[in-house]
Amino acid sequence: MPSSGDDVHVPRAAVEIRDRDEIRYEAQKIEEKWAARWQADSALYGADSDRAKRKYYVLEMLPYPSGVLHMGHVRNYSIGDALARFMWMQGYNVLHPMGWDSFGLPAENAAIKNNTPPKQWTLANIANMKKQMNRLGFGYDWSKEVTTCFPEYYRWNQWFFLKLWERGLAYRKKSKVNWCPECATVLANEQVVNGCCWRHETTVVEQRELEQWFVRTTAYAQELLDGLDKLEGWPEKVRTMQRNWIGRSEGALVDFKLDLAQGPAGDKITVFTTRVDTIYGATSVQLAPEHPIVTDLIANNPELLAKVEGLLAEQRKAREVGDVGAIEKHGVFTGAYAINPFNDEKVPIWVANYILMDYGTGAIMSVPAHDDRDYEFAKKYGLDIRVVVMPRRQGEIPASDEEETPVLPYTGTESLLINSGPWNGLSVDRALERMSSYAQEHGFGKATVTYRLKDWGVSRQRYWGTPIPMVYCDKDGVVPVPESQLPILLPENVDITLEGGSPLAKLPEFVNTTCPKCGGPARRETDTMDTFVDSSWYFYRYTDPKNDRAPFEKTTADYWFPIDQYIGGVEHAILHLIYSRFWTKFMRDIGLISSSEPATRLFTQGMVIKDGAKMSKSLGNIVSPDDMVARYGADSARMYTLFGGPPDRDLDWQDAGINGVYGFLGRVYRFVMRNGIGISKVALSSDGTGAISPEARRLQRVLHQTIKRITNELQGRWHFNTCVSSIMSYVNELYAAQSAIDKGLIPKPLLRELQRGLVLMLSPFAPFLAHELWEQMGETSKLVREKWPAFDPALAKEDEIEYAVQVNGKVRSHITTPADASEDQVREAALNDPKIVTILAGRTPVKVIVVKGKLVGVVVK
RNA sequence: GCCGGGAUGGCGAAAUCGGCAGACGCAUCGGACUUAAAAUCCGAAGAGCCGAAAGGCUCGUGUGGGUUCAAGUCCCACUCCCGGUACCA
């Protein structure tokens, strides 16, 4: 509805508005109109295939299609969309895609609950969420859409799996899983509630050993760790979390031989320690209850076996509940002894509930004097405590244990060794080095590095996931499916409500196959892949989503990668982001891509909370995006998620807050509908510096100051809340000038520029309203690709500056000086100010400080 | 325990490099318009004290110290809240 007449000075007639009070901001009408237009124009938000252009890849984490968007999504996508729109307007070739992390357990749960096939349920959810996204006006290139549960996608998971297998990065090993005897299937950790099955609340979950597929992420442990130092565009918090997760620790392996009189000859226990320097203080060896040697040591002692079982049960329970650190330490003496290879001393072998089989070697040497946990344990069971390191004092060598002993346990490392035979007097650092070399030279140990990071268990005994492309042949063993046979399709019409094991295992037509090697009968793998596989590389697929010869074309991926800005919740700081980094390195090593890291910049937005708590059904504090869109419109909902606070912090949702933003958007609408309809017919002034009225000059200045502020924010700190504040202030200025506008004191070209600027700056945050007003002004260009307004520093400059004048730190007066006044002139003006003269009362200032543009500080005695 | 982040009016927050604390918004109060209300537009407002008013003074950014002409911001010591994580040897 642009202006109907030629006379741009009579806007009211154009929209039949008799009086400004009748201009109503009807968000629903405007937004529905534009949502429909955008959907009809599929190229609008499309990435350009021209590789000569400067690219910008902005990515928000793809959602799991649970059915509806929540406010956290809205916040995440509002940030990404604002950035994408800003970068388009900066002239970049922007890739801004979206997709669906659509495999996974909830679809199976829903299938059981509603008797709907997982695929149907998932696709219906995707349809609904896509509708919501379109209604919210997010500018995605839907031609790049990726849906991970489609064979076109997951066939490449299978392809990658074969590549992993070829390189020895995929392997099978026995591993403990949660097993529900009632369901006769494996449960994910999150399905174990208080040690019982989530579906059978009285059925205790068992631990079972199963052959499982693993991906050798540990092969890249060191590179994953080193790479973090270079990821300067990632939050330090995330980098720290990943460092801790990888958990590199330097130490030594030391073999303790079993005392021959007791144990099977030749057997030994290898312990891992980071403090080999304290080995003369070792007064016992402690084993994890699951340590394989435990059964040998106590095989003929049922009483002890039962006790060890008890220790194991305690450990498991604590792990399930999640407070391993809080359980009380318990242990049992096995009756056996081991020999400390450094001093040939005999030390007792214990089994303890605080030793974990899956870290280090599952065995430690216990040094009570110099380790908190060992100390606590030794005190409890009356084990010897022997001090072997002393705090260093001015480089003196402590003579012996006659010296005062430190407070135990003493874990400091600025120390010297005592009671350690030939090693006495060495510093801890040197002892660590020399003693592990010594162990290596004598064949009973070596320096080593261990990582907390474990290999990635990717097997899931589930239906709704990518089938693992392997077959089992009695003759040839484990055989990979040839690439030419991919994809292994996930069968449909599977009754997954049947309890009792993996659904795929119950389908003979799926399981029974022929061996690719010998052609004989063989069985297919029935495990499916963890969904983290899907999300480890989906963003590469976005660059070339329809490719059926390769996961993606290298040159295309190399053009777009690395991702310039990745945006998502901090809850993915570890798993998703480590797996993605691993996958990137792996893809680089098989020659698929050139970069080593997926994203140069990562932004983790805060949660959306309400009444100080995470939104949840049980608290009844959920705010639905659909409701907000219905009541206030998408622009208000989006803008409020940005206005409520800085994006990296939690956002405390307040209904009154979104109402305020809605009011503001109405204010913008009314201003432009009153002053800007059809104004594009007025030529923009070629030069803004002509002689104009003070009112006009002020507006011009505020416009340029606002552009400056917002541009700086979008390029730097990303405090969108202050961007919105700036636009609000700008609009307040425009309103204050209404009577000057009505009187014709504001030149038309400027009036056009003021409103153009307003709409352009608004467009990343409230795209619907911006588009509507752009059209109402009679602009015909595509707003999305319109150039972001530039600010002119000369026009942004103030003519006069107000200085605060302090005397001894207290503001006593204000003076106004021309903007170009020199420091001396400002000082003089301040000292001559009548109020200051009075306060000084003849005293001579000791010092006068002039802070340019801000303040004058006068110091008197 | 350890690692992050935070604490500023009645509320969400701002203050980007040590320089006028509280921008912007909400709620509140007042005015204009209206028969009235809603909507809209305009205005007031950290707390306390003095003043008829203009205006002025004191206090004030979790607590206690410190540095500085000047501290929400820097330093030292602490309290509480939120998130993550853990017998990792």
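Letters go in sequence order (proteins before strands), and every chain restarts at 1.
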Peer 1: Expressed as a whole number of Å, how far does the P atom of B:U8 sit from that of B:A14?
Peer 2: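 Here B:U8 and B:A14 have their P atoms 11 Å from each other.
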Peer 1: I want to know whether A:Y354 and A:F377 have ring centres closer than 6.0 Å.
Peer 2: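 Yes, the ring centres sit under 6.0 Å apart.
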Peer 1: Checking side chain to side chain donor-acceptor pair (under 3.5 Å) against A:K329, which of A:E376, A:E314, A:Q286 comes through?
Peer 2: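 Among A:E376, A:E314, A:Q286, the one that satisfies the side chain to side chain donor-acceptor pair (under 3.5 Å) with A:K329 is A:E376.
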Peer 1: Taking the P atom of each, how far is B:U68 from B:U63, in whole Å?
Peer 2: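 Per the computed distance, 23 Å lies between those P atoms.
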Peer 1: Could you measure between the two C1' atoms, the one in B:G83 and the one in B:A89, and give it in whole Å?
Peer 2: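 My reading of the C1' atoms in B:G83 and B:A89 gives 27 Å.
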Peer 1: Starting from Watson-Crick (N1-N3 plus N6-O4 or O6-N4) and G-U wobble pairs under 3.5 Å, report the runs of at least three that RNA chain B belongs to.
Peer 2: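 So the stems come out as B:1-7 with B:79-85, B:10-12 with B:24-26, B:28-32 with B:40-44, B:46-50 with B:55-59, B:62-66 with B:74-78.
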Peer 1: What is the separation between atom CZ on A:R812 and atom C1' on B:A70, rounded to the nearest whole Å?
Peer 2: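 Computing the A:R812:CZ to B:A70:C1' distance gives 13 Å.
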Peer 1: Take atom P in B:G22 and the same atom in B:A27, then report the distance between them in whole Å.
Peer 2: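 Taking atom P in both B:G22 and B:A27, they lie 22 Å apart.
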Peer 1: Is the shortest side-chain heavy-atom distance between A:M607 and A:L651 below 4.5 Å?
Peer 2: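 The answer is no, as the side chains (C-beta and beyond) never meet within the 4.5 Å cut-off.
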Peer 1: Counting primed atoms plus P, OP1 and OP2 as sugar-phosphate and everything else as base, spell out the protein contacts along nucleotides 16-21 of chain B at 4.0 Å heavy-atom distance: B, S or - for each nucleotide, 5' to 3'.
Peer 2: B--BB-
Peer 1: Taking B:C82 as the reference, what is the distance to B:G30 when you measure between their P atoms (whole Å, please)?
Peer 2: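 Nearest-Å result for B:G30 against B:C82 at atom P: 39 Å.
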Peer 1: Check the orientation of A:F444 and A:F342. Use parallel for under 30°, tilted for 30 to 60°, and perpendicular for over 60°.
Peer 2: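 Correct class here is perpendicular.
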Peer 1: Between P on B:C26 and CZ on A:F643, what's the gap in Å once rounded to a whole number?
Peer 2: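 A:F643 atom CZ is separated from B:C26 atom P by 8 Å.
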Peer 1: Determine, using ring centers only, whether A:Y632 and A:Y640 are less than 6.0 Å apart.
Peer 2: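 No: the rings miss the under 6.0 Å criterion.
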Peer 1: Rounded to whole angstrom units, what separation is found between the CZ atom of A:R239 and the P atom of B:G4?
Peer 2: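 A:R239 atom CZ is separated from B:G4 atom P by 13 Å.
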Peer 1: With sugar-phosphate meaning primed atoms plus P, OP1 and OP2, does A:G360 contact a base, only sugar-phosphate, or nothing at under 4.0 Å between heavy atoms?
Peer 2: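 No contact.
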Peer 1: For B:G18 versus B:U67, give the span between their C1' atoms, rounded off to a whole number of Å.
Peer 2: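 11 Å, rounded to whole Å.
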Peer 1: Taking atom C1' in both B:C80 and B:C29, compute the distance separating them and give it to the nearest angstrom.
Peer 2: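 About 34 Å, rounded to a whole number of Å.
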Peer 1: Roughly how far apart, to the nearest Å, are B:U73 and B:G65 at atom P?
Peer 2: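 Their P atoms lie roughly 15 Å apart.
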